[in-house]
Amino acid sequence: LLQRACAAAADAGCDPVVVVGRSADQKLPPLPAEVAFAADERPDQGPLQGLVTGLVHLRDQHGFTADDAAFTTAVDMPFVGPDDVRWLLERLGSATVLMPEVAARPQPLFAVYRLAVLDAVLSLLARGERALHTVSRVPGARLVGEAELRRHDHALRLLQDVDTPADYARLEPKAEP
């Protein structure tokens with residue numbers, strides 16, 4: 001699944017592709033040479049900290065500026081493909097954050113974040129917030145409504161996740177076109 005997520009981002013033109021992990025010694029499957037790894041400096045602080053780690057890595061190691069944006073996805077979402085990534089990136093416009101909202105719930109694990117949100121995210125963390133969906137409320141954030149998302153993916157398959165090997169086995173035959 002990790003290789004699939006990396007390939008979807010790379011094939012959509014995301015450069016660099018960065019995998020954020022819990023710690024420097026986290027066991028991962030082999031990554032392509034062009035994929036960077038960034039370890040959380042504050043492990044076990046939740047996905048909001050993971051977002052900070054990724055954005056800081058892009059800023060400090062790859063020269064990203066406040067106007068640059070990063071696509072993020074969860075490793076356990078096997079139906080996210082390059083067309084989905086491009087579709088979302090094309091809608092960013094001047095937004096600081098772009099994420100779908102389905103059934104009144106923001107979907108922060110299929111989203112785009114400009115580095116301009118870094119200070120706001122650090123402020124959320126400083127207040128004890130850990131939930132990634134709270135970034136949907138920062139200034140300049142835009143939510144993609146469910147109707148718009150369904151025009152792209154009527155069944156919302158791209159948001160399906162797999163949490164167990166049984167989930168993966170059940171979905172895998174459908175994952176490849």
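In this text, all values refer to a predicted model and were calculated from it rather than measured experimentally.
A distance-only check finds a donor-acceptor pair linking the side chain of Gln26 to the backbone of Arg22 [under 3.5 Å]. Side-chain N or O atoms of Arg114 include one that pairs as donor or acceptor with a backbone N or O of Asp67 at under 3.5 Å. Between the side chain of Thr53 and the main chain of Gln49, a donor-acceptor pair closer than 3.5 Å is present. Judged by distance alone, with hydrogens and angles left aside, the side-chain atoms of Arg86 form a donor-acceptor pair with the main-chain N or O of Asp11 at under 3.5 Å. Glu146 places a side-chain N or O within donor-acceptor distance of the main-chain N or O of Ala103, the cut-off being under 3.5 Å. One N or O on the side chain of Arg130 and one on the backbone of Leu125 form a donor-acceptor pair closer than 3.5 Å. For the pair Ser136 (side chain) and Pro108 (backbone), a donor-acceptor distance under 3.5 Å is absent. At distances below 3.5 Å, not a single donor-acceptor pair connects side-chain atoms of Arg105 with backbone N or O atoms of His133. Looking only at distances, a side-chain donor or acceptor of Asp153 sits under 3.5 Å from a matching main-chain atom of Leu158.
Proximity of Leu132 to Tyr113: side-chain heavy atoms (C-beta onward) are separated by under 4.5 Å at one or more points. Using a 4.5 Å heavy-atom cutoff, the side chains of Thr134 and Pro106 are not in contact.
Considering every non-hydrogen atom in both Val75 and Ala5, the closest pair reads CA-CB, 4.4 Å.
Less than 6.0 angstrom separates the ring centroid of Phe71 from the ring centroid of Phe110.
To the nearest 0.5 Å, the span separating CG on Asp83 from CG on Leu88 amounts to 12.5 Å. The distance from the CZ atom of Arg91 to the CG atom of Leu98 is 9.0 Å, given to the nearest 0.5 Å. From Leu89, atom CG reaches atom CG of Asp84 across 11.0 Å, with rounding to the nearest 0.5 Å.
More than 12 heavy atoms of other shown residues, nucleotides or ligands fall within 6.0 angstrom of atom CD in Glu148.
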Review point. Checking side chain to side chain donor-acceptor pair (under 3.5 Å) for the pair Ser23/Asp25: CA distance, chi angles, key distance, verdict?
Key: CA-CA 5 Å; Ser23 65; Asp25 61 352; 2.6 Å; yes

